[in-house]
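Working notes, structure below.
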Amino acid sequence: MKVEPAAYSIDDLKRDGTTRWDGVRNYQARNFMRDEMRAGDRVLFYASNAEPSGVTGLAEVSREAVPEKKDPTWVMVEIKFVKKFPHTVSLETLKATKGLENMVVTKKGSRLSIQPVTKGEYDIVVKLGTM
DNA sequence: GCCAACGTTGGC
DNA sequence: GCCAACGTTGGC
């Protein structure tokens, strides 16, 4: 899940414990939340437009998608804080790491705010973030 | 601040 | 249904 840290950071999530992930206004991203995200799924928390941009920590889906009250076309999930990495796993690092060649976020023009991650990719990023 | 890579909108 | 114009995202 991607967000600009000026809008919401891993520190904000740590402080809040859980947060509602609403406001997504892209159909593909919505469908990922609705169809793919299940309670207990781990989430790579990605800071975009940051210095450096990259994965800053981990979250977990604590509530599956429900329609937004004001605009039921769209859905929100709830995520909870899991951990903040001791250092950001930068996009540069992601791009340079073997095994992440196909990770969506490393692709050019990858703007979706919700992106699928494979188990293999997840494990590699966690290893990078915690070492 | 620039600009590539989209997604959306609306005229036709 | 096509596509130009426009808006947004986000790396750099």
Side-chain angles (χ1 to χ4, degrees):
Chain A
M1 301 176 97
K2 292 163 47 176
V3 64
E4 299 191 16
Y8 199 80
S9 72
I10 190 74
D11 291 316
D12 293 326
L13 182 59
K14 184 176 185 180
R15 178 198 63 215
D16 295 342
T18 66
T19 195
R20 292 177 170 189
W21 210 258
D22 57 9
V24 171
R25 291 295 180 270
N26 173 286
Y27 287 103
Q28 231 186 319
R30 179 201 67 180
N31 294 348
F32 279 133
M33 283 203 292
R34 187 191 59 197
D35 303 333
E36 308 292 339
M37 296 180 79
R38 292 294 168 258
D41 283 355
R42 283 297 172 95
V43 173
L44 297 178
F45 195 90
Y46 182 94
S48 58
N49 261 325
E51 292 179 15
S53 294
V55 180
T56 53
L58 303 175
E60 187 178 306
V61 177
S62 49
R63 286 178 72 183
E64 293 180 13
V66 291
E68 289 191 10
K69 278 230 174 73
K70 293 204 170 156
D71 194 350
T73 301
W74 304 104
V75 303
M76 60 184 173
V77 297
E78 185 191 84
I79 60 171
K80 72 175 182 191
F81 177 78
V82 172
K83 77 154 38 174
K84 179 185 177 178
F85 287 158
H87 58 88
T88 299
V89 180
S90 69
L91 181 59
E92 191 186 3
T93 299
L94 296 176
K95 284 179 172 173
T97 301
K98 256 197 161 171
L100 301 183
E101 295 86 0
N102 296 319
M103 192 172 175
V104 180
V105 79
T106 64
K107 299 281 176 68
K108 198 175 176 187
S110 154
R111 303 182 313 153
L112 269 190
S113 64
I114 313 284
Q115 304 184 349
V117 177
T118 68
K119 178 73 163 62
E121 290 162 352
Y122 174 85
D123 288 341
I124 291 171
V125 174
V126 170
K127 192 177 273 183
L128 289 169
T130 49
M131 72 184 190

Can you tell me if the side-chain N/O atoms of A:K108 get under 4.0 Å from OP1 or OP2 in B:dA4? no
Closest non-hydrogen atoms of A:K83 and A:I10, given as atom of the first, atom of the second and distance, are O-CD1, 3.9 Å
Please list, chain by chain and in numerical order, all residues satisfying side chain to side chain contact (heavy atoms under 4.5 Å, CB included) with A:D123, sequence neighbours excluded. A:K119
Atom-to-atom span, CD of A:Q28 to C1' of B:dG7 - whole angstrom: 10 Å
Considering only heavy side-chain atoms of A:K2, the closest of C:dC12, B:dG7, C:dG10 is C:dG10
Rounding to an integer number of Å, can you tell me how far A:Y46 OH sits from C:dG10 C1'? 8 Å
Could you tell me whether A:E4 contacts a base, only the sugar-phosphate backbone, or nothing, with contacts defined as non-hydrogen atoms closer than 4.0 Å? nothing
Distance, rounded to the nearest Å, where A:M1 contributes CE and C:dT9 contributes P: 16 Å
Roughly how many Å is it from CG in A:N26 to P in C:dT9, rounded to a whole number? 10 Å
Just to be sure I understand the rule, does A:K95 reach a base, reach only the sugar-phosphate, or reach nothing, if contact means heavy atoms closer than 4.0 Å? sugar-phosphate
Rounded to whole Å, how long is the line connecting atom CG of A:N49 with atom P of B:dA4? 17 Å
Within-4.5 Å side-chain heavy-atom neighbours: A:M37 and A:M1: yes
For atom CG of A:L91 and atom C1' of C:dT9, their distance in whole Å: 14 Å
Under-4.0 Å salt bridge between A:R15 and A:D12: yes
OP1 or OP2 of B:dC6 under 4.0 Å from side-chain N/O of A:Y27: no
Quickly work out the A:Q115 CD to B:dA5 P distance and round it to whole Å. 16 Å
Using 4.0 Å as the upper bound for N to carboxylate O, is an ion pair formed by A:R42 and A:E60? yes
Measure from CD on A:E92 to C1' on C:dG10 and round the result to the nearest Å. 16 Å
Kindly calculate the angle separating the two end axes of the helix from B:dG1-C:dC12 to B:dC12-C:dG1, each obtained from five base pairs, and round it to 10 degrees. 10°
Should A:E68 and A:R25 count as an ion pair when the cut-off is N to O under 4.0 Å? yes
Separation of A:W21 CH2 from A:I114 CD1 (nearest 0.5 Å): 7.0 Å
